[in-house]
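First the proteins, then the strands, lettered A, B, ... as listed; each starts at 1. These values consider heavy atoms only, across backbone and side chains, with no hydrogens, waters or symmetry-generated copies. Keep in mind that what you see is a predicted model, and the values were worked out from it rather than measured.
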Protein chains: 2
Amino acid sequence: MATMNDVAKLAGVSVSTVSYALTGVRPVTPETRARIHAAMDELGYQPNAIARSLASRRTHIIALLFPGIELGLSGTALEFVTSAAETAREEGYHLMLWPIGDDEVGETRNLIHQQLADGVLVMEVRLDDPRVDLLRESQTPFTLIGRTADAAGLDYADIDFDTTVRDALDHLIGLGHERIAFVSHSKASLDAGYGPTVRAGEAFERHMTERGLPVVARHCDESADAGRAVVSELWHAHPDITALITMNDAATFGAMAQLADDGRQVPRDVSVLSIASSPRVAALSHPRLTTMAAPGTELGRSGVRSLIERIEGSQSATLHELVPCRLDIQATTSPRTKE
Amino acid sequence: MATMNDVAKLAGVSVSTVSYALTGVRPVTPETRARIHAAMDELGYQPNAIARSLASRRTHIIALLFPGIELGLSGTALEFVTSAAETAREEGYHLMLWPIGDDEVGETRNLIHQQLADGVLVMEVRLDDPRVDLLRESQTPFTLIGRTADAAGLDYADIDFDTTVRDALDHLIGLGHERIAFVSHSKASLDAGYGPTVRAGEAFERHMTERGLPVVARHCDESADAGRAVVSELWHAHPDITALITMNDAATFGAMAQLADDGRQVPRDVSVLSIASSPRVAALSHPRLTTMAAPGTELGRSGVRSLIERIEGSQSATLHELVPCRLDIQATTSPRTKE
DNA sequence: TTGTACGCGTTATCAT
DNA sequence: ATGATAACGCGTACAA
């Protein structure tokens, strides 16, 4: 591999001039610049990223912290990661994966102290997340995808669950529905302080209450069978339900199956609206699911951009971005049928 | 951040001794080792990864090359990436994402020459993949997930499509089926030389022919609607079909829906077997899909392990690993009903 | 067993 | 506008 030294010799200049010709930090005569670039081309020179990082104290690497156990958002996750990686590359950064289980948060500390990453992106943030304190202490720039209970001073990009739930209700209520049940993620995720579960649940309760409608909500494990069971129980307890909001892909499919088995037609008898889900997953359903798609791509993009701004110090305000899910009306919601 | 120098001073030894105490390359007296570790703890010392890389000429970084446009294997992809990242970490390596479109293969060259990665993992390999030549020239260790047409001297881990298709047929034929159709990925993916499409197609044709059964195969775009259309066309052309092998998740769901709409019951009238698909996706189907699950986790693990061995030079033989998909019998396959 | 000193390939601070 | 040269933090021959 050719080094800067080789280039300098071939071009008849000093290494520093080569460096400056490359970075543009200091003016260089067009002629010498040309000679240098010619030499680079001839040698097939590419600057050594590691050496550059050591000298400049900047690696241009962003670490993505994600727990091994995924709480059901597998669909959106890939979309998010891809988007984050692409954005990073556009901005001249690399995205590095740090799959760290909930039980080994301590490892995070070590990784950070290795100073391999200029900044950290935190996925699957919980209301009270120990990783945040860690990052705070370590002085490493970081951005949350999701947010803690008190995220006042922190950069974050998250789904706007309040608006999402409100829009979901607007859609259903606009169709004449009043008895609306909510099927969320597992109780375990709630207890773990998993943001989506907590915030969507709260939003549902508040918005229903404000409208004077009864709050019927259930937690559900991430499986089709659990979805079936919840539907059975729900209609047993509340036979007058005409619409379902779900936030749990596996359960949604189970629910649809159970409704079919029970002879309830979707959407004639029951409307189903799946929120914070992946469009790719929704497209698998028959009839095709009306959804509110999680903005994985947007979150990845702005999370990375904000983090880079913070790293490079060109940022004034903290990022507090809340993106609602986008309503995509398909075949599982329709006007309520009067009996 | 504390450096090795700080540790050395505090422990009253030279930096080299600290280094040797850390790497164990040279013996160090227990006492001095203890003093050094005490100093490290006191200072919260962690070796600087970049400096270490520059000196040792080894970054402990593995790059994962994946095209932006995913040819439908989104389900398995996340599983694979997660597994790769976890395995890398277990082995003391980092996984870095390089999302590079098919149209910008040249970029790959630059990235490699930056010498940020010790080795490269190549995803979504095609029969004739330009990236392979690039990597070969650049002398960078690399392992393919998938394989080119002639992968004789290359390390690869891939799905064993031949065995997978044979097992699929054994299952269906064992149930009495003879008129079996195959619904594959898009024609575009075939033309692009996408490995799974090519190899599974060939395997289907060969195994059916060997058994004296008619070869009925279709390409299908990655969408539910395309799956529906193919089913309609298939039964129009071959009304006697009793079983379907699919390798296209979106199309599989569309096919199931169309079969239902046409009044064909699964599995009573038609058995459906989805191959090389993700169990998580399969679980969404109703009735639950019998599948042959893609070994994403295994491929990620052995791909990374093999690559690391090659990087560290402790490998003798080249990796030629072919893992068949595992049959998971659920509710969409059953004995053929005699009319 | 331990210390000294050089090298890794750049960036950045001095000069000139 | 350009050239020396000292960092950057660590690995590792070589010497002691």
Side-chain angles (χ1 to χ4, degrees), chain A residues 1-37 39-40 43-61 92 110-118 311-313, chain B residues 1-37 39-40 43-61 92 110-118 312:
Chain A
M1 287 286 158
T3 74
M4 219 169 222
N5 222 320
D6 302 327
V7 175
K9 276 180 190 156
L10 186 57
V13 295
S14 76
V15 279
S16 57
T17 305
V18 175
S19 175
Y20 290 121
L22 210 53
T23 62
V25 172
R26 163 171 120 171
V28 172
T29 312
E31 296 96 59
T32 68
R33 171 196 304 291
R35 281 215 317 285
I36 290 172
H37 277 111
M40 285 180 173
L43 297 172
Y45 171 78
Q46 277 288 114
N48 181 301
I50 297 293
R52 173 172 275 190
S53 296
L54 183 59
S56 67
R57 316 168 127 273
R58 198 139 273 177
T59 64
H60 286 250
I61 292 174
N110 295 336
L111 285 172
I112 292 170
H113 279 76
Q114 316 231 132
Q115 302 182 71
L116 229 194
D118 286 339
I311 289 170
E312 300 183 345
Chain B
M1 286 287 158
T3 75
M4 217 169 220
N5 222 319
D6 302 328
V7 176
K9 276 180 190 155
L10 186 57
V13 297
S14 77
V15 279
S16 61
T17 305
V18 176
S19 174
Y20 289 121
L22 209 53
T23 62
V25 172
R26 162 172 120 172
V28 171
T29 312
E31 295 96 58
T32 68
R33 171 196 303 291
R35 280 215 317 284
I36 290 174
H37 278 111
M40 285 181 175
L43 297 172
Y45 172 78
Q46 277 288 114
N48 181 301
I50 296 293
R52 172 173 274 192
S53 296
L54 184 59
S56 68
R57 318 172 124 273
R58 199 139 273 177
T59 64
H60 285 250
I61 292 175
N110 295 335
L111 286 172
I112 293 171
H113 279 76
Q114 315 231 131
Q115 304 182 71
L116 229 193
D118 286 340
E312 300 184 344

Axis-to-axis angle across the helix from C:dT1-D:dA16 to C:dT16-D:dA1, five pairs each end, nearest 10 degrees, ~ 40°
To the nearest angstrom, the CD1-P distance between A:I36 and D:dA1 comes to 13 Å
key: Side-chain donor-acceptor contact under 3.5 Å, A:T17 with A:S14   = yes
Between CZ of A:R57 and C1' of D:dC10 the distance, given in whole Å, is 14 Å
For A:R52 and A:T23 the tightest heavy-atom approach is NH2-CG2, 4.4 Å
Hits for side chain to side chain contact (heavy atoms under 4.5 Å, CB included) against A:L54, two or more places apart or cross-chain, chain-then-number order -> B:I50, B:A51, B:L54
DNA chain C nearest-nucleotide lookup for A:N48 and B:R33: closer to the 5′ end is B:R33
Would you tabulate the nitrogen or oxygen pairs shorter than 3.5 Å linking the protein to nucleotides 11-15 of chain D?
from	atom 1	to	atom 2	distance (Å)
D:dG11	OP1	B:R52	NE	2.7
D:dG11	OP1	B:R52	NH2	3.3
D:dG11	OP2	B:S19	OG	2.9
D:dA13	N6	B:Y20	OH	3.2
D:dC14	N4	B:R26	NH1	3.3

B:M1 CE to D:dC10 P, in whole Å, measures 12 Å
Item to check | Whether B:D118 side chain and B:T59 backbone form a donor-acceptor pair below 3.5 Å | outcome: yes
By side chain to side chain donor-acceptor pair (under 3.5 Å), A:S53 pairs with (sequence neighbours left out) none
B:H60 meets the ring-ring contact (aromatic ring centres under 6.0 Å, His included) criterion, sequence neighbours left out, with B:Y93
B:L54 CG to D:dG9 C1', in whole Å, measures 9 Å
Q) So, the side chain of A:R58 versus the backbone of A:E312: is there a donor-acceptor pair under 3.5 Å, distance only? A) no
What one should report as the nearest heavy-atom pair of A:R35 and A:A11 is NE-O, 3.0 Å
B:D6 atom CG is separated from D:dC8 atom P, nearest whole Å, by 11 Å
- Query: Are the side chain of B:T3 and the backbone of B:N5 linked by a donor-acceptor contact shorter than 3.5 Å?
  - Reply: yes
Think B:T3 has a side-chain N or O under 4.0 angstrom from the OP1 or OP2 of D:dC8? no
In the 5' to 3' direction, the nucleotides of DNA chain C bounding the stretch that comes under 4.0 Å of a heavy atom in chain A are C:dG9 to C:dC14
Check your understanding: Which part of the nucleic acid, if any, lies within reach of B:V18 when heavy atoms closer than 4.0 Å are counted: base, sugar-phosphate only, or nothing?
Key -> nothing
Residues B:M4 and B:Y45: closest non-hydrogen pair is N-CE1, 3.6 Å
Nearest-nucleotide check on DNA chain C, B:P27 vs A:N5; residue mapping nearer the 5' end is B:P27
- Contact class for A:S53 (heavy atom, under 4.0 Å): base, sugar-phosphate, or nothing? nothing
Note: B:L22 and B:M40 closest approach over all heavy atoms is CD1-CE, 3.3 Å
